[in-house]
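Heads up, the thing below is written out as structure tokens.
The structure presented is a predicted model; accordingly, all values stated were derived computationally and were not measured.
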Amino acid sequence: MSGLDWNSAFALEILPRLLQGTMWTLITTLASFAVAAVLGIVFAVLCDAPRAIARWPARALVDFIRGTPILIQLYLLYFSLPAIGLTLPALLVGILTLSIHYACYMCDTYRAGLSAVPKGQREAAHSLGLRRRQTFFMIVLPQAIRPIIPMLGNYLIFLFKETPLLSAVAIIELLQTAKLIGSETFRYTEPFTLVGLIFLVLSLAASWVLRKLEARYATGRYGRSTSPGTANEGPRAPTRNAQPQA
């Protein structure tokens, strides 16, 4: 039987397995994004720290991660950690790799958001008796995050489309499930076509949610316009060069 013809009955038969792989893809995406969102704030604070001993190592790590392919970082964590006696499950290694990689890209986005908060906000908080940590988490960070939410959403979509790289270390996500089905049945057209359609549908759904979110901020529903890209309202949208590269 030719492997290029389409068999609808076979496609329906393998769909439940692909949806199970989709579940693991979504779990990996959301877990990695949550960790990356927190790590990105830590990296942003360290990169702008007044002391060089904290600032330079953070900047060196961000430059290294942004300057190397994510697949190399995945292999380094997966194959090098056992050499020092630390063996982690493949899924955990995958989540750590995606988290650190995207945290380094979110770092500059957070820095732009933090720098957009007027200095007078900090001075006013200090004059009210708030400590430095309270000022950051209660006054500065909430104002910095609001205008960059659409940009963080873009990173979520990029991260979601990077998850097939995890199949390189045998994580049973969506693409790896399709590969297994192909190796078992010698039919590749249906599983890979369905994988492409699933990614397309989920990416379009996420993009639609992001557009709604951007429109909500652009119309000033929260009291003022916070659309990114204007001089007085926060950082600009990520440029083409700012997009993560695999």
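Legend: salt bridge (Lys or Arg N to Asp or Glu O under 4.0 Å) pairs involving residues 85-114, not counting sequence neighbours, sorted by first then second residue: D48-R111, R66-D108, D108-R111. Sequence neighbours left out, not one pair with a member in residues 77-99 passes salt bridge (Lys or Arg N to Asp or Glu O under 4.0 Å). Each salt bridge (Lys or Arg N to Asp or Glu O under 4.0 Å) pair with one or both residues in residues 10-29, not counting sequence neighbours, appears once here: R17-E184.
Two residues are said to be in side-chain contact when any heavy atoms from C-beta on lie closer than 4.5 Å; I100 and I65 meet this criterion. Side-chain contact check for V62 versus Y105: every heavy-atom pair is 4.5 Å or farther apart. Taking 4.5 Å as the limit, some side-chain heavy atom of R59 sits within range of a side-chain heavy atom of R55. The side-chain heavy atoms of F192 and L175, taken from C-beta on, include a pair separated by under 4.5 Å. T189 places none of its side-chain heavy atoms less than 4.5 Å from the side chain of N7. The closest side-chain heavy-atom distance from I145 to Y110 is below 4.5 Å. Here the side chains of F33 and Y102 are not in contact, with every heavy-atom distance at 4.5 Å or above. A 4.5 Å side-chain heavy-atom check between I181 and L18 finds at least one atom pair inside the cut-off.
For R132, there are no salt bridge (Lys or Arg N to Asp or Glu O under 4.0 Å) partners, not counting sequence neighbours. Residues satisfying the ring pair (Phe, Tyr, Trp, His ring centres under 6.0 Å) criterion with F79, sequence neighbours excluded, are Y75. Residues forming a side chain to side chain donor-acceptor pair (under 3.5 Å) with S167 (at least two apart in sequence, or on another chain): K179. Every residue was checked against the side chain to side chain donor-acceptor pair (under 3.5 Å) condition with Q176, not counting sequence neighbours, and none meets it. For the side chain to side chain donor-acceptor pair (under 3.5 Å) test, residues two or more places apart in sequence or in another chain that qualify with Q121 are Q143. Applying the side chain to side chain donor-acceptor pair (under 3.5 Å) test to S80 and every residue at least two apart in sequence or in another chain returns nothing. Qualifying side chain to side chain contact (heavy atoms under 4.5 Å, CB included) partners for L46, counting only residues two or more places apart in sequence or in other chains: V42, A54, A58. F199 meets the ring pair (Phe, Tyr, Trp, His ring centres under 6.0 Å) test with F160; sequence neighbours excluded.
Test T177, I198, V201 against T22 for side-chain contact (heavy atoms from CB on, under 4.5 Å) and you get one pass: I198.
Annotation: I84, atom CD1; neighbour count of heavy atoms from other residues, nucleotides and ligands within 6.0 Å is above 12.
Pairing each heavy atom of T135 with each of R122, the nearest pair is CG2-CA, 4.0 Å. Nearest heavy-atom pair across L74 and G94 is CD1-CA, 4.1 Å. The two residues A44 and L114 come nearest to each other via the heavy atoms CB-CD1, 4.4 Å. Looking at every heavy atom in both residues, C47 comes nearest to C107 through SG-SG, 3.8 Å. Smallest separation of non-hydrogen atoms from P147 and M151: O-CE, 4.1 Å.
Although no hydrogens or angles enter the test, the distance criterion places a donor-acceptor pair under 3.5 Å between the side chain of S183 and the main chain of L180. Between the side chain of T25 and the backbone N or O of L174, at least one donor-acceptor pair lies under 3.5 Å.
Both L152 and F137 are part of a single hydrophobic cluster, where members link through side-chain heavy atoms under 4.5 Å apart. L200 and F158 sit in two unconnected hydrophobic clusters of ILVMFWY residues. Membership requires side-chain heavy atoms under 4.5 Å apart, directly or through other members. Cluster membership check: M106 does not share its hydrophobic cluster with L61, using side-chain heavy-atom separations under 4.5 Å among Ile, Leu, Val, Met, Phe, Trp and Tyr. F43 and V35 fall within a single hydrophobic cluster, where Ile, Leu, Val, Met, Phe, Trp and Tyr side chains are chained together by heavy-atom contacts under 4.5 Å. Both I70 and L92 are part of a single hydrophobic cluster, where members link through side-chain heavy atoms under 4.5 Å apart.
Rounded to the nearest 0.5 Å, atoms CE (M23) and CD1 (I172) are 12.0 Å apart. Rounding to the nearest 0.5 angstrom, the gap separating the CG atom in L96 from the CG atom in L91 is 9.5 Å. Interatomic distance, CG of L165 versus NE2 of H101, reported as 9.0 Å (0.5 Å rounding). Considering CG of L76 and CG of L71, their distance stands at 10.0 Å, rounded to 0.5 Å. T185 OG1 to I14 CD1: the interatomic distance, rounded to the nearest 0.5 Å, is 7.0 Å. We find the CD-CD1 distance between E173 and I27 to be 12.5 Å, quoted to the nearest 0.5 Å.
Using a 4.5 Å cut-off between side-chain heavy atoms of Ile, Leu, Val, Met, Phe, Trp and Tyr, I157 falls into a hydrophobic cluster with L210.
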Kindly determine whether T97 and Y78 satisfy side chain to side chain contact (heavy atoms under 4.5 Å, CB included), including the steps that lead there. CA-CA 9 Å; T97 302; Y78 189 70; over 6 Å; no
Step by step, work out the side chain to side chain contact (heavy atoms under 4.5 Å, CB included) result for T28 and I95. CA-CA 6 Å; T28 303; I95 291 174; 4.1 Å; yes
Checking side chain to side chain contact (heavy atoms under 4.5 Å, CB included) for the pair L98/L166: CA distance, chi angles, key distance, verdict? CA-CA 9 Å; L98 290 174; L166 303 185; 3.8 Å; yes
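Between the side chains of T68 and Q73, at least one donor-acceptor pair of N or O atoms lies under 3.5 Å. Looking only at atom types and distance, the side chain of W6 has a donor-acceptor partner in the side chain of S8 under 3.5 Å away.
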